[in-house]
There are 2 protein chains.
Amino acid sequence: MASLGELERSVMTLLWDSEHPLSANEVCEQLDEDLAVTTVLTVLARLEKKGMVLRERSSRPHRYAAVASREEHTVEMLNEVLGTVPDREAVLARFIGSVSESEAAALRRILG
Amino acid sequence: MASLGELERSVMTLLWDSEHPLSANEVCEQLDEDLAVTTVLTVLARLEKKGMVLRERSSRPHRYAAVASREEHTVEMLNEVLGTVPDREAVLARFIGSVSESEAAALRRILG
DNA sequence: GCAACACTTCTACGGCTTGTAGAAAGTTGC
DNA sequence: GCAACTTTCTACAAGCCGTAGAAGTGTTGC
């Protein structure tokens, strides 16, 4: 449900990496591709509709910010994936079996 | 890349839950929806093209089996999601912070 | 061998998503 | 009020997915 297209992801990445909300123009300039501003506005509107972006309509130009942090959003994605199976733990067990030793160590540390 | 539509997922679920490879007809019968066999064949062909299903062309009717187990496939999905961020561990930390205590315990056990 | 049947391939279409952007409408500073 | 800037509306093409008919190929009982 909250999966992203390529351009959508590029835009989200800019918003995630920015301290402040950005205008469509700023997003446009910071993108690698050379796109029309209307294209960026369309994408921002779609992201807003998906609930991923918050728009400040008070200021002119409007400013856009990510609703959730990159990490929050990605955890949601993980849970979405895990929600497709009947046995989360079976998947997590296999996942953990597949990670590097250093990452496993990090996980142990996090789990206290 | 390996994301699934709704019908595709239903079909994969049948293949995952079955001990033996299934024919298109068997899949068709076991599906809840009442679909034409050609529909199921189309979906199976698409899943084969995506590399998710293996088709035994030797036997007639052809038999279809999942290439990877449900768990293997889901772990792939998890890694795909984690591949979209620059800092896997940051996401995993937050993920772990969000799981239930009993699941956290299970994770500790798995990590040894 | 051939007729009837079973199975597969080919082709197609409609709906949805995504990238893309022009035309038109709205806003604002002067 | 006008020029410059910004936003909205509308649209289109490509791709994915659900859906399935028509046509082709293989199989089997006689």
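Chain naming here is simple, since letters A, B, ... match the order of the sequence lines and numbering starts at 1 in each.
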Look at the side-chain N and O atoms of B:R55 and state whether any lies under 4.0 Å from the OP1 or OP2 oxygen of C:dT9.
-> yes
Among residues 12-23 of chain A, which contact DNA chain C at a heavy-atom distance under 4.0 Å?
-> none
May I ask you to decide if B:T38's main-chain N or O and B:T42's side chain share a donor-acceptor pair within less than 3.5 Å?
-> yes
Is the backbone N or O of B:H62 less than 3.5 Å from a side-chain atom of B:S59, with the two atoms forming a donor-acceptor pair by type?
-> no
Give the rounded distance in Å between these two atoms: CD of B:E29 and C1' of C:dC7.
-> 14 Å
Do the side chains of A:E71 and A:W16 get nearer than 4.5 Å, heavy atoms only?
-> no
Donor-acceptor under 3.5 Å (B:E103 side chain, B:S100 main chain) | no
Summarise protein proximity over nucleotides 19-30 of chain D in one line of letters, 5' to 3': B for base, S for sugar-phosphate only, - for none, counting protein heavy atoms closer than 4.0 Å.
-> BBBB---SS---
Does a nitrogen or oxygen in the side chain of B:H62 sit under 4.0 Å from OP1 or OP2 of C:dT8?
-> yes
Rounded to the nearest angstrom, tell me the gap between atom CG in B:D32 and atom P in D:dG18.
-> 15 Å
Does D:dC5 have OP1 or OP2 sitting under 4.0 Å from an N or O in the side chain of A:N25?
-> no
Report the distance from atom CD of A:E26 to atom C1' of D:dC5, rounded to the nearest whole Å.
-> 14 Å
Contact under 4.0 Å: B:R57 side-chain N or O vs C:dT9 OP1/OP2 = yes
Please state how far atom NZ in A:K50 lies from atom P in C:dG19, giving the value in whole angstrom units.
-> 7 Å
Given DNA chain C, 5'-ward residue of the pair B:Y64 and A:E8, judged by closest heavy atom | B:Y64
Nearest whole angstrom, please: distance from the P of C:dT8 to the CD of B:E56.
-> 12 Å
Contact summary for A:V67 and A:L54, nearest pair of heavy atoms = CG2-N, 3.8 Å
Measure the shortest side-chain to side-chain distance between A:R88 and A:N79 over non-hydrogen atoms and say whether it is less than 4.5 angstrom.
-> yes
Would you kindly give the CZ-to-P distance between B:R63 and C:dT8, to the nearest whole Å?
-> 9 Å
So which heavy atom on A:F95 is nearest to which on B:L82, and how close?
-> CZ-CD1, 3.6 Å
Working to the nearest 0.5 Å, report the span between CG of A:L7 and CZ of A:R46.
-> 9.5 Å
What's the CG-P distance between A:L44 and D:dT6, to the nearest Å?
-> 14 Å
